[in-house]
A.B. asks: 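Here it is, the structure in full.
Any value given below was found using the heavy atoms of this structure, including those in side chains, with hydrogens, waters and symmetry copies removed. Indexing begins at 1, ligand by ligand and atom by atom, following the structure's order.
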Amino acid sequence: MTTENLIGIIVDDDFASKHIPPFPKPSFISFEHPFRIKAILNHLERNNIFSNNRIVKVKPKSITQAIIEVAHSKYHIETIKRISNMGGGLLEEEVFITEDTYALAKKAIGGAIEAMEGVISNKYAQSFALIRPPGHHAFREKASGLCIFNNIANSILYLRKQLNFNQKIAIIDIDDHFGDGLARYFYDDPSVLYFSIHEFDFTEGNLGMMDELGIDDGIGKNINFPVPEGITNEDFYYCLDLLEPILNEFQPILIVVAAGFDMYYADPIGNCSLTSIAYNQFAERILKIAENVCGGKIAFILEGGYHIIGLPYCVEAIIKALLKENYEPPDYEKNLPFLIESKREDIDKIKTYLESVLNPYWDKITP
Ligand SMILES: [Zn+2]
């Protein structure tokens with residue numbers, strides 16, 4: 001077995017026990033709970049994923065505060081640290097801090113860095129960072145929407161600034177929500193493609209719209225595919241028809257998936273209708289593209305996904321695709337009639353519009 005076939009699963013027990021939301025009863029912030037990671041790990045253990053000889057379980061890279069400073073202002077970092085040292089509190093309605101938050105959020109960045117650095121250095125063929133708190137809503141200056149630090153943006157800027165890795169990176173954000181923080185980091189950067197599929201009813205501050213294409217040299221490299229609530233597995237797969245030629249033309253050296261699973265039909269926060277097989281088919285398709293354009297290099301970084309029973313299946317569905325093994329969805333997901341009410345007509349209109357605005361920037365996109 002050569003090392004390039006290995007799949008690195010980056011995790012730490014602290015993600016499964018620390019940074020506990022202050023309100024136990026269902027409310028928005030209570031869903032971002034250590035149980036998410038605990039449930040995933042239990043499920044992967046039970047299904048013998050960790051005994052597969054292609055899977056390696058790895059700890060996050062240990063990082064210094066200086067590494068967080070490549071992506072975040074000292075004020076923001078010190079604020080998180082200070083409130084953690086005080087024992088915690090609510091920073092704003094959708095951001096809770098506990099005594100463990102600073103340390104855990106720092107560890108989450110280390111997890112995302114290990115996932116990306118491990119793949120570009122051929123330590124792993126692909127990787128999956130099972131980290132929390134999530135990151136894609138966090139900005140340079142502030143925490144937002146359950147996110148403290150922007151794990152993906154921080155890792156990419158670390159690769160750029162500390163490792164001099166300046167090659168092209170494509171981010172595919174499949175979280176139910178628009179990754180407003182993540183998009184902003186690279187809005188003028190032609191070397192980072194940001195492609196987001198998200199529920200448009202849910203975007204905050206009216207962001208994540210179709211005509212947000214990037215600015216300056218980065219124009220055409222920010223692609224927002226807002227979808228109506230209730231999209232099905234087939235609808236989601238169909239959206240990738242827009243992405244595939246763009247990835248082929250962009251030719252990234254690394255693909256990073258902002259792997260949120262809150263489009264899952266039973267998710268308490270998202271309103272879409274995907275089942276776990278959608279994530280299996282997504283990973284199979286992206287892997288095939290990645291094998292053609294970048295030697296299969298993909299790093300999956302956990303973002304949202306809050307259904308404690310469904311989330312572990314979604315993660316398994318992706319790992320099985322990377323292993324090229326058959327994925328068997330759970331029985332409870334079968335024969336649910338509301339999962340087949342396609343939104344194809346609406347999606348077609350959105351896709352056609354996107355093709356028309358993207359056409360000037362991409363040879364392979366025709367209106
Ligand atoms: Zn989300």
Side-chain angles (χ1 to χ4, degrees), residues 15 19 21 26-37 39-40 91-96 105 108 111-112 128-139 142-154 171-185 194-209 212 222-231 233 235-236 239 256-276 278-279 282 300-315 317-318:
F15 297 129
H19 184 60
S27 69
F28 183 82
I29 60 168
S30 64
F31 295 118
E32 209 296 278
H33 197 283
F35 285 167
R36 298 173 64 222
I37 303 294
I40 294 170
L91 188 56
E92 51 178 85
E93 207 185 333
E94 295 179 354
V95 179
F96 67 93
F128 202 144
L130 297 173
I131 56 176
R132 57 179 284 280
H136 75 155
H137 296 303
F139 295 90
K142 83 182 196 79
S144 172
L146 302 170
C147 302
I148 306 295
F149 299 134
N150 200 310
N151 304 316
I152 292 178
N154 208 144
I171 303 169
I172 308 168
D173 191 334
I174 57 170
D175 191 277
D176 183 80
H177 308 98
F178 172 55
D180 48 358
L182 191 47
R184 181 158 169 175
Y185 271 97
Y194 178 74
F195 185 101
S196 172
I197 300 176
H198 51 266
E199 187 192 322
F200 66 63
D201 305 36
F202 229 117
T203 57
E204 287 174 20
N206 289 324
L207 290 175
M209 300 300 172
E212 291 161 32
N222 187 96
I223 302 172
N224 294 334
F225 199 142
V227 293
E229 62 179 54
I231 61 161
N233 292 346
D235 295 336
F236 180 74
C239 294
V256 177
V257 177
F261 299 97
D262 36 10
M263 279 196 178
Y264 189 70
Y265 79 96
D267 191 274
I269 294 177
N271 300 297
C272 290
S273 296
L274 305 192
T275 63
S276 58
Y279 297 103
F282 166 80
F300 290 83
I301 312 294
L302 183 65
E303 291 286 351
Y306 307 96
H307 191 255
I308 293 299
I309 298 168
L311 174 64
Y313 283 102
C314 298
V315 172
I318 286 189

A.B. asks: Would you check if Leu130 and Phe15 make a side-chain contact, meaning some heavy-atom pair closer than 4.5 Å?
C.D. replies: no
A.B. asks: Does the shortest distance from the Zn ion (ligand 1) to an N/O/S atom of Asp175 fall below 2.8 Å?
C.D. replies: yes
A.B. asks: Could you tell me which N, O or S atom of Asp262 is nearest to the Zn ion (ligand 1)?
C.D. replies: OD2
A.B. asks: Below 2.8 Å, can you find an N, O or S atom of Glu303 next to the Zn ion (ligand 1)?
C.D. replies: no
A.B. asks: What N/O/S atom of His177 gets nearest to the Zn ion (ligand 1)?
C.D. replies: ND1
A.B. asks: Tell me if a side-chain donor or acceptor on Arg36 pairs with a main-chain N or O of Arg132 at a distance below 3.5 Å.
C.D. replies: no
A.B. asks: Looking at the Zn ion (ligand 1), is there an N, O or S atom belonging to His136 that lies under 2.8 Å away from it?
C.D. replies: no
A.B. asks: Using 30° and 60° as the class limits, which term best fits the ring planes of Phe300 and Phe282: parallel, tilted or perpendicular?
C.D. replies: perpendicular
A.B. asks: Could you check whether atom CD of Glu92 has more than 12 heavy atoms from other residues, nucleotides or ligands sitting under 6.0 Å from it?
C.D. replies: yes
A.B. asks: Indicate every side-chain donor-acceptor pair of residues 258-270 with a distance under 3.5 Å to a residue at least two apart or in another chain.
C.D. replies:
unit_1, atom_1, unit_2, atom_2, d
Asp262, OD1, Asp176, N, 2.7
Asp262, OD2, His177, ND1, 3.1
Tyr264, OH, Tyr332, OH, 2.8
Tyr264, OH, Glu333, OE2, 2.6
Asp267, OD1, Ile269, N, 2.7
Asp267, OD1, Gly270, N, 3.0
Asp267, OD2, Tyr306, N, 2.7

